[in-house]
Amino acid sequence: MEDLDRGLLAVKVNNGVFVSWRLLGTEDLSIGCTNYLDTGGSSNSTYYVRAVVNGSEQPQSPSVNVWNKNYLSIPLQKPASGTTPDGVSYTYDANDASAADLDGDGQYEIILKWDPSNAKDNANDGYTGNVYIDAYKLDGSRMWRIDLGRNIRAGAHYTQFMVYDLDGDGKAELACKTADGTKDGVGNVIGNANADYRNSAGRILSGPEYLTIFDGNTGAALTTTNYDPPRGNVSDWGDNYGNRCDRFLACIAYLDGERPSLVMARGYHTRTVLVAYNWRNGQLTKLWTFDSNKGYSSYAGQGNHNLSVADVDNDGKDEIIYGACAIDHNGAGLYTTGLGHGDAMHVSDFLPNRPGLEVWAVHESSAGYSVAGGELRDAGTGQLIFGIPTSGDTGRGLAADIDPRYSGAEFWASKLLCMTLYIDWL
């Protein structure tokens, strides 16, 4: 677990000062609430908190001043603009971000990916600018910048970076796919700095691919290994121009129920491969590989643009819900529904009166089944609870408890400009 501090903050509101703090993971829920409205507070007030356990006050948290705005603005350092080999100019925008304690001080840092304005979906040709990953303290101080280099293409599906304390030393690491020319946070280059594998369409369909673990405090590369699985023959992934071979996913999962593991994945429209690793004592060790080409053909084409992690079979160990299928903690296939690829999926205890967890998912096509648009299933077995047939691609879906008149969550799915809401189905 992360060893975080109280995360205490105080915000000026109309009727005083709102104060909020963390309940630590080592504390009992009986300690009480984690927020307080001080109706007599002002912008000049200062605050600290103490837990009270069995009538005894515990150590005091650091004191904080009051924010006069209800948000924290963190200044960023935008990368310089550039020009692609075909003469197209591009700029940069802040993109995906993560939060983790990189330096072990008990406070979160922000890890931010910068995407160029010419980032491409895998379906489209074209050169892109380089992808950068920055780390910032909450005051805007930049800790480091990693330049993934010209041989990592920019786009939503290419770079899935994981930030987590993988080895339990109190400081989070960063893991992501790299290539020749990637420059780490201290300026060291991975592989051949001069290599350029971009073809005339701006795609990168040749050259080595790597997985690198970076030090979260400095951005230095700690270890680099070959990315598994390699792209191999591009057409083996479902097309011949590099769309489906470069669809990547990743997650952190407690596969042994005690310590976190890194899972890197490739492919979901056709062939699907997941590889699990442990980062322990400065060594990267491969745990298992799940490959739909090796004994799990019915799992091919079942992945989403996303995945979820949860203990769906109640064995104390995490599984990976990979779209319309699930992979067990040991890398074996747990089940596949055969309902095919989809864009949106949510996993939780949506039905509190029913044992176990549930998955709400939408799909692009029925794959020969009567259920296509939206389906709720048992997260541990894949058994269908209910489904709504549609024709064509149902692109989005969501589940949330929005109506207090009914127990559990409500579910909705959208196809183009149409939306359907499913509430009282029991």
- request: Could you list the residues that satisfy side-chain contact (heavy atoms from CB on, under 4.5 Å) with D103, not counting sequence neighbours?
  value: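 With neighbours one apart ignored, the set is D101, D105, E109, K137, M143, N217.
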task: Report the residues that fulfil side-chain contact (heavy atoms from CB on, under 4.5 Å) with N54, sequence neighbours left out, ordered by chain and then residue number.
output: none
message: Any carboxylate oxygen within less than 4.0 angstrom of a Lys/Arg side-chain nitrogen, looking at R6 and E27?
response: yes
- prompt: Salt-bridged, R266 to D246, with N to O below 4.0 Å?
  reply: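 D246 and R266: salt-bridged.
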Of all pairs that satisfy side-chain hydrogen bond (donor to acceptor under 3.5 Å, both in side chains), the ones with a partner from residues 170-180, not counting sequence neighbours: K177-E209, T178-T212, D180-Y197, D180-Y210
- prompt: Can you list every side-chain hydrogen bond (donor to acceptor under 3.5 Å, both in side chains) pair that touches residues 293-302, not counting sequence neighbours?
  reply: none
- prompt: Quick one: CD1 on I320 to CD1 on I252, what's the gap to the nearest 0.5 Å?
  reply: 10.5 Å
query: Going from CZ on R150 to CG on D196, what distance comes out if it is rounded to the nearest 0.5 angstrom?
result: 5.0 Å
Any sub-3.5 Å donor-acceptor pair from [X]'s side-chain atoms to [Y]'s backbone N or O?
X: Y335; Y: A379; result: yes
X: E410; Y: D403; result: yes
X: W144; Y: G216; result: yes
X: D328; Y: G331; result: no
X: R247; Y: H305; result: no

Taking the six-membered ring where the residue is Trp, are the ring centres of [X] and [Y] under 6.0 Å apart?
X: Y92; Y: Y132; result: yes
X: Y227; Y: F248; result: yes
X: W360; Y: F411; result: yes

Less than 3.5 Å apart, which donor and acceptor atoms pair up between the side chains of residues 307-316 and the rest of the protein, not counting sequence neighbours?
from	atom 1	to	atom 2	distance (Å)
D311	OD1	N314	N	3.0
D311	OD1	D315	N	3.2
D311	OD2	D315	N	3.4
D311	OD2	G316	N	2.8
D315	OD1	K317	N	2.9
D315	OD2	H329	ND1	3.2

query: Does D291 have any salt bridge (charged side-chain N to carboxylate O under 4.0 Å, His left out) partners at least two apart in sequence or in another chain, and if so, which?
result: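 Residues passing salt bridge (charged side-chain N to carboxylate O under 4.0 Å, His left out) with D291: R271.
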- prompt: So with a 6.0 Å cut-off around NZ of K183, is the heavy-atom count from everything else above 12?
  reply: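 Check fails, neighbour count at 12 or below.
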